[in-house]
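To keep things clear, I will list the structure first and then write my remarks on it.
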Protein chains: 2
Amino acid sequence: MTTRRVNLNTESVDNYLKAIFALGGPEEERVSSTALAERLGVAPASITNMLQKLAASPKSLVEYESRRGVRLSPAGRLRALEVLRHHRLLETFLYEVLDYPIEEVHDEAERLEHFISERFEERIDAKLGRPKFDPHGHCIPALDGKMPAQHSKSLADIKEDGKFIVDSVADGDAALLKRLKAHGIIPGARLLVSSSSHEEFILRAGRAAQAFCLPRSLACAVRLRSSD
Amino acid sequence: MTTRRVNLNTESVDNYLKAIFALGGPEEERVSSTALAERLGVAPASITNMLQKLAASPKSLVEYESRRGVRLSPAGRLRALEVLRHHRLLETFLYEVLDYPIEEVHDEAERLEHFISERFEERIDAKLGRPKFDPHGHCIPALDGKMPAQHSKSLADIKEDGKFIVDSVADGDAALLKRLKAHGIIPGARLLVSSSSHEEFILRAGRAAQAFCLPRSLACAVRLRSSD
DNA sequence: GAAGCAATTTAGGCTTACCTAAATAAATTA
DNA sequence: TAATTTATTTAGGTAAGCCTAAATTGCTTC
Ligand SMILES: [Mn+2]
Ligand SMILES: [Mn+2]
Ligand SMILES: [Mn+2]
Ligand SMILES: [Mn+2]
């Protein structure tokens, strides 16, 4: 009856923790197997399997009760934030130092985040001057896992026309990101939002820029803050 | 009897090809299972297993005859050189751009070489100004796999005292590399070689530097060219 | 309160890349 | 040449991380 100890320092475990962190939201609610399966592109049975393994391990990275969803333990949260830090530092580095176009940084960072050393992390952080935000406008967690609360709101929740500042753009959809960029919709830009219909938003960034029609289904890709 | 096709784009396959390339030497001689097992830190049975897989695959990265050793096919050679290019570009990048100490670049590059994209490769190559040599003095293969012939000779083969230029230093042994660096023994340095005994070499780099005694067993870590 | 449904888990497999132990082939020595 | 040693391969496992198909559970709905 030897308790066989499993190796939890794998790319796969990192990705599970990151997904639980992201889906749990700021309230860190319990995340269902189905939601995880969908996000990770994996069969639900594989999720159950991994969660049981994670929960059973002495490191206890997650709190998991059968059929009641999962959430991160403090240790699991810290690890998720560590990987998120790698990801966002890498994105910033690829963008600032290696002149990647913004829509290509995400995929590269998604791979490399699991393999860089603490030294590499430290060196790019220093090279970049300890940045606080990545090129999409997302906050980079500190070394100790601290991250200031965000005060942005999703474009999807905007009910009335108005002027805003673009806070951040989602990093996952390269094609959309490229179109947003082409219309000047990048973090920090002034944005005029109007909604002609229930179907879409009309966005106008800066002054000279041409208007951009964004379907409501994609509106959650843009986050705003007030332009005072 | 379905011929199940195997995935050959793995870190492991890369490492096998690199090891065959390195052990085959400039003549690309056949490499034995035992030599590979030793180099890769793996049981001989695992070598046989992988070589059979590589040889059986339609891509045919290696030529392998049972009990007669293995060598790279043209495709396998190209892949090995591609990975070597990644490795040496990464080392140069870590050294030049991220200010790594020379003895730490190897391990980081050894991991990352398998995961960077062609874009990453291109960007660091451009950033570095298309370098021809890595920080250890090793030649960086071109994109098409071409690499000029080397004209250096191993310190281990030096029979008489004399003056030389350090051509390159081995990248694997971090502790040795650090000591060599401390005594000014780095690629491009002028080096006075004398051998007081059969046991060791006495090396003096530049002018003011203190002499350094290197056991003959480690002499293969330093390669020289004539100082005309 | 039983039936139906959706979410989740269990059971049984697969692939990759390792391992050890046993068998075999080749080379060396006597 | 026969015996011994060494190198290599075969045979049979293991662990991770995934899969599909078949239970099972918990909740709705009639
Ligand atoms: Mn880190
Ligand atoms: Mn980002
Ligand atoms: Mn490449
Ligand atoms: Mn090198």
Side-chain angles (χ1 to χ4, degrees), chain A residues 1-20 23-24 29-59 61-71 79 83 110-111 114-115, chain B residues 1-20 23-24 29-59 61-71 79 83 110-111 114-115:
Chain A
M1 249 289 174
T2 42
T3 307
R4 44 179 63 79
R5 69 187 68 159
V6 289
N7 179 15
L8 297 176
N9 296 8
T10 68
E11 194 182 343
S12 216
V13 169
D14 279 358
N15 286 330
Y16 275 79
L17 297 177
K18 259 181 43 175
I20 297 167
L23 293 173
E29 287 154 7
R30 289 176 169 283
V31 175
S32 74
S33 297
T34 319
L36 275 172
E38 169 111 353
R39 176 157 187 125
L40 291 171
V42 138
S46 305
I47 299 291
T48 300
N49 208 280
M50 178 64 99
L51 292 183
Q52 289 175 341
K53 229 178 57 179
L54 290 183
S57 112
K59 263 189 175 174
L61 295 167
V62 302
E63 291 168 27
Y64 169 63
E65 285 175 87
S66 195
R67 285 169 215 273
R68 323 189 83 214
V70 68
R71 62 179 176 188
R79 179 67 192 145
V83 179
E110 193 72 13
R111 230 177 322 109
H114 309 289
F115 305 109
Chain B
M1 243 309 160
T2 41
T3 305
R4 44 180 63 80
R5 69 187 68 158
V6 289
N7 178 14
L8 297 175
N9 296 357
T10 67
E11 194 183 342
S12 215
V13 169
D14 280 358
N15 286 330
Y16 275 80
L17 296 177
K18 259 182 44 175
I20 297 167
L23 293 173
E29 287 154 8
R30 288 175 171 285
V31 175
S32 73
S33 299
T34 318
L36 275 171
E38 169 111 353
R39 177 159 186 124
L40 292 171
V42 139
S46 305
I47 300 292
T48 301
N49 209 279
M50 178 64 100
L51 293 183
Q52 288 175 342
K53 228 177 59 179
L54 290 183
S57 111
K59 263 190 175 173
L61 295 168
V62 303
E63 292 167 26
Y64 169 63
E65 286 173 86
S66 195
R67 283 169 215 274
R68 322 189 84 214
V70 68
R71 63 179 176 187
R79 179 67 192 143
V83 179
E110 193 72 14
R111 231 177 320 110
H114 309 289
F115 305 109

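Every chain is numbered from 1 and lettered A, B, ... according to where its sequence line falls, protein lines coming before strand lines. Since this is a predicted model, take the numbers as computed values, not measurements.
- Side-chain atoms of B:Thr48 lie closest to D:dT10 of the nucleotides C:dT16, D:dC18, D:dT10.
- Taking every side-chain heavy atom of B:Ser33 into account, D:dT9 is the closest of C:dT16, D:dT9, C:dC18.
- When distances run from any side-chain atom of A:Val42 to the nucleotides D:dC19, C:dC18, D:dA11, the shortest one goes to D:dC19.
- Side chains of B:Arg71 and B:Val31 form no contact here, defined as non-hydrogen atoms less than 4.5 Å apart.
- What separates CD of A:Glu11 from P of D:dA15 is a distance of 22 Å, to the nearest Å.
- When the P atom of D:dA7 is taken as reference, atom CD of B:Glu38 falls 11 Å away, rounded to whole Å.
- Computed from coordinates, the B:Asn7 CG to C:dC14 C1' distance equals 14 Å when rounded to whole Å.
- The separation between A:Gln52 atom CD and C:dT9 atom P is 7 Å, rounded to whole Å.
- Rounding to whole angstrom units, CG of residue A:Asn49 and P of C:dC14 are separated by 16 Å.
- At a threshold of 4.0 angstrom between heavy atoms, the contacts of A:Ser12 are confined to the sugar-phosphate backbone, with no base atom among them.
- Across the protein-nucleic acid pair, A:Leu36 atom CG and C:dA7 atom C1' stand 13 Å apart, rounded to whole Å.
- The closest donor-acceptor contact from the side chain of B:Arg39 to the backbone of B:Ala19 lies at 3.5 Å or more, if one exists at all.
- Summarising the geometry, the separation between OH on A:Tyr16 and C1' on D:dG17 is reported as 7 Å, rounded to the nearest angstrom.
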